[in-house]
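Notes to accompany the following structure.
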Amino acid sequence: MFIQTEPTPNPNVLKFLPGREVSAEPREFRTIDEAAASPLAEGLFQLEGVAGVFYGADYISVTRDPAGLDWPQMKAPILAALIDQVVSGAPPRRAGTFDSAGPEGEDSEIVAEIKQLLDSRIRPAVAQDGGDILFDSFDLETGVLSLRMRGACAGCPSSSATLKAGVEQMMKHYVPEVTRVEQVI
């Protein structure tokens, strides 16, 4: 069994590629209590220095506590936990424990455009760096679009630049009603 690793722009996050589907819906675990929905995430949180786990479609991003161990000390135990999970054949989550995070109700035409642009152009690029970006809200009066960064993107030193230079410029170009993009923490 071979699991690839990739660095991310966030030095405190490492991306692990097990060579199989991880999660149909991206999912972030920021605490061991949240990780109760997933035996794999729960097991990773029990390793020294793990501060966060994010499931992408075909990868797992692990966030380390910057005050804790370095990656060379953490990588082997994380890989062992991932290999155990893959070899067991068990799903990375407990049945029925991942809820859809989307708001209910019908989106306005502008919000639908924003979400379509996020899904088609922005989220795939962000996923390559081990993270995700989600729609939070759009204020039609001010034109302010609020987004949530997850995985490697949350807390990344370059996330502000990504939002302003990349996401905001693209949104303004394709959705003129957007005047500003802000990160919701």
Side-chain angles (χ1 to χ4, degrees), residues 4-31 34-35 37-38 40-41 51-63 91-93 96-185:
Q4 295 180 351
T5 60
E6 289 181 1
T8 70
N10 185 339
N12 293 318
V13 179
L14 196 58
K15 185 175 170 182
F16 294 84
L17 300 139
R20 70 174 218 176
E21 181 183 21
V22 174
S23 180
E25 283 290 317
R27 178 70 193 253
E28 182 174 41
F29 306 95
R30 292 176 285 188
T31 67
E34 290 177 6
S38 167
L40 175 58
V53 177
F54 178 79
Y55 291 169
D58 62 351
Y59 66 90
I60 298 160
S61 292
V62 177
T63 303
R93 64 182 178 90
T97 55
F98 285 16
D99 296 325
S100 176
E104 299 208 10
E106 199 171 304
D107 291 333
S108 71
E109 187 176 321
I110 295 169
V111 169
E113 281 183 63
I114 290 168
K115 287 181 176 180
Q116 194 279 327
L117 187 58
L118 279 170
D119 289 344
S120 65
R121 294 191 179 217
I122 297 168
R123 290 180 75 196
V126 172
Q128 289 180 346
D129 288 336
D132 195 16
I133 188 166
L134 297 175
F135 174 85
D136 185 75
S137 64
F138 177 69
D139 185 329
L140 186 57
E141 284 185 28
T142 63
V144 175
L145 171 61
S146 298
L147 301 172
R148 291 187 184 276
M149 307 287 271
R150 302 191 308 177
C153 297
C156 177
S158 61
S159 66
S160 295
T162 298
L163 275 179
K164 291 297 177 192
V167 177
E168 184 174 273
Q169 292 305 316
M170 185 178 288
M171 283 292 172
K172 285 178 170 180
H173 178 77
Y174 289 102
V175 186
E177 293 84 358
V178 173
T179 60
R180 189 170 78 237
V181 174
E182 294 181 348
Q183 180 177 351
V184 175
I185 298 176

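All values reported here derive from a predicted model rather than from experimental measurement.
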Item to check | Heavy-atom side-chain contact between Leu118 and Met171 under 4.5 Å | outcome: yes
Checklist entry - Say you draw a straight line from OG1 of Thr63 to CZ of Arg30; how long is it, rounded to the nearest 0.5 Å? => result 11.0 Å
Item to check | Minimum heavy-atom distance between Ser137 and Leu145, given as atom pair plus value | outcome: O-CD1, 3.5 Å
Item to check | Passing candidate, side-chain hydrogen bond (donor to acceptor under 3.5 Å, both in side chains) with Tyr55, options Ser23, Ser61, Ser38 | outcome: Ser38
Item to check | Verdict with supporting geometry, Ile60 and Leu40, side-chain contact (heavy atoms from CB on, under 4.5 Å) | outcome: CA-CA 10 Å; Ile60 298 160; Leu40 175 58; 3.6 Å; yes
Checklist entry - Got Ile133 and Leu163 here, is their nearest side-chain heavy-atom distance under 4.5 Å? => result yes
Checklist entry - Counting distance only, does the side-chain N/O of Glu168 pair as donor-acceptor with the main-chain N or O of Val181 below 3.5 Å? => result yes
Next on the checklist: Looking at every heavy atom in both Phe29 and Glu34, which two are closest together, and how far apart are they?
Outcome noted: CD2-O, 3.3 Å
Item to check | Reported CD1-to-CD distance for the pair Ile122 and Gln116, which is rounded to 0.5 angstrom | outcome: 10.0 Å
Checklist entry - Within the distance-only criterion (no hydrogens, no angle test), does the side chain of Arg150 pair as donor or acceptor with the backbone N or O of Pro26 below 3.5 angstrom? => result yes
Item to check | CD on Glu182 to CG on Asp139, rounded to 0.5 Å | outcome: 9.5 Å
Checklist entry - What are the two closest heavy atoms between Val13 and Ala152, and how far apart are they? => result CG1-CB, 3.4 Å
Checklist entry - Can you tell me how far the CG atom of Leu134 sits from the CZ atom of Arg123, to the nearest 0.5 Å? => result 5.0 Å
Next on the checklist: Rounded to the nearest 0.5 Å, what separates atom CD in Gln4 from atom CZ in Phe16?
Outcome noted: 12.0 Å
Item to check | Gap between atom CZ of Arg20 and atom CG of Asp58 - 0.5 Å precision | outcome: 11.5 Å
Checklist entry - Would you say Thr8's side chain and Gly130's backbone share a donor-acceptor pair under 3.5 angstrom? => result no
Next on the checklist: To check you understand the geometry: which heavy-atom pair defines the closest contact between Val178 and Lys172, and what is its length?
Outcome noted: O-CG, 3.4 Å
Item to check | Atom of Phe138, atom of Phe135 and distance for their closest heavy-atom approach | outcome: N-CZ, 3.7 Å
Checklist entry - Of the non-hydrogen atoms in Gln128 and Lys15, which two are nearest, and what is the gap between them? => result O-NZ, 2.8 Å
